[in-house]
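Values below: all heavy atoms of this structure, side chains included; hydrogens, waters and symmetry mates excluded.
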Amino acid sequence: MEPFLVLAERNRKKAAEIVARTGLVGIWESVGAEVRPVGSFRMGLLCKHRDIDFHIYSSPLNVSDSFRAMAKLAENGAVEHIEYANLLHTEERCLEWHVRYRDEDEEDWQIDMIHIVGGSRYDGYFERMADCISETLTEETRRTILRLKYETPDTEKIMGVEYYRAVLQDGVRTYAELQAWRRTHPVSGVWEWMP
């Protein structure tokens, strides 16, 4: 099996184990929130970048509830760092939590938890995006996306949606084509795109 497929399968399993080990879903549910996976974790497209994304919904959203959930998560000794941003005053209507989790193999994982006001503009949007991408994927495009992620240098920051749009919409198949495509498709702000 090709190394990028081995890595993708390993990271898919490891991500699920980390979610179970942290009790993340139950922690958020204990403060009355609804937890939904998004991004490459939801679509099974994790590769080199160890990033687990969740959108979490509350209506109303109480900042103190969000902090209570994160305090519970912080009790896990593998949680080494937590960052917070309050974006409730923006159109995104959310609190952002970014966690660094160190696994038993001494690998760092980023867990992004975006706590969103239920019923606001982005409620469910990225879940629908992930589902549309998943439904559009073929075995060939899935392998292409994973290979491109694998070939991307660790120093290069590319959003998942850039890979998905380049491959699914515009037929990009090589890393050189991806680099050229990115020069003509700059990202600014939240990128709203579905296949």
Could you pull out the closest heavy-atom pair between [X] and [Y], with the gap in Å?
| X | Y | answer |
| --- | --- | --- |
| Pro186 | Arg183 | CD-O, 4.3 Å |
| Ile116 | Glu92 | CG2-O, 4.2 Å |
| Ser40 | Tyr164 | CB-OH, 3.4 Å |
| Trp109 | Asp51 | CE3-N, 4.2 Å |
| Val31 | Ala69 | CG2-CB, 4.1 Å |

Return yes if some donor-acceptor pair links the side-chain N/O of [X] with the main-chain N/O of [Y] below 3.5 Å, else return no.
| X | Y | result |
| --- | --- | --- |
| Arg102 | Ala78 | no |
| Glu151 | Leu148 | no |
| Asp53 | Gly39 | no |
| Lys72 | Ile27 | no |
| Asn86 | Leu88 | yes |
| Thr144 | Glu140 | yes |
| Lys149 | Lys48 | no |
| Glu177 | Arg173 | yes |

I'd like to know if [X] and [Y] make a salt bridge, using a cut-off of under 4.0 Å between side-chain N and carboxylate O.
| X | Y | answer |
| --- | --- | --- |
| Asp65 | Arg68 | yes |
| Arg10 | Asp105 | yes |
| Glu162 | Lys157 | no |
| Asp103 | Lys14 | yes |
| Arg182 | Glu156 | yes |

From [atom1] ([X]) to [atom2] ([Y]), nearest 0.5 Å:
| X | Y | atom1 | atom2 | answer |
| --- | --- | --- | --- | --- |
| Arg21 | Asn76 | CZ | CG | 9.0 Å |
| Ser58 | Glu34 | OG | CD | 9.5 Å |
| Met129 | Arg165 | CE | CZ | 9.5 Å |
| Thr184 | Gln179 | OG1 | CD | 12.5 Å |
| Leu46 | Leu7 | CG | CG | 9.5 Å |

Is it true that [X] and [Y] fall in one hydrophobic cluster, defined by side-chain heavy atoms closer than 4.5 Å?
| X | Y | answer |
| --- | --- | --- |
| Val161 | Met43 | yes |
| Val63 | Leu73 | yes |
| Val172 | Phe4 | yes |
| Ile18 | Val99 | yes |
| Trp193 | Leu45 | yes |

Answer whether the closest heavy-atom distance between the side chains of [X] and [Y] falls below 4.5 Å.
| X | Y | value |
| --- | --- | --- |
| Val19 | Phe41 | yes |
| Arg93 | Tyr122 | no |
| His115 | Leu61 | yes |
| Gln169 | Pro195 | no |
| Asp112 | Ile52 | no |
| Leu24 | Trp28 | yes |
| Met194 | Ile133 | no |
| Tyr101 | Arg50 | no |

Test side chain to side chain contact (heavy atoms under 4.5 Å, CB included) on His98 and Gln110; report intermediate values, then the result.
CA-CA 7 Å; His98 305 284; Gln110 182 170 315; 4.1 Å; yes

Just do the side chain to side chain contact (heavy atoms under 4.5 Å, CB included) check on Leu168 and Leu137 with the steps written out, would you?
CA-CA 8 Å; Leu168 297 174; Leu137 285 174; 4.1 Å; yes

Test log, rule ring-ring contact (aromatic ring centres under 6.0 Å, His included), inputs Tyr84 and Trp97
CA-CA 5 Å; Tyr84 162 80; Trp97 294 100; 4.7 Å; yes

Flag for Thr152-Tyr163: side-chain donor and acceptor within less than 3.5 Å
yes

Going through the checks in order, is the side chain to side chain contact (heavy atoms under 4.5 Å, CB included) test met by Leu95 and Ile114?
CA-CA 6 Å; Leu95 304 175; Ile114 311 302; over 6 Å; no

Kindly confirm or rule out a cation-pi arrangement of Arg36 over Tyr57, judged by NZ or CZ under 6.0 Å from the six-membered ring centre and within 45° of its axis?
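That pair qualifies as a cation-pi contact.
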
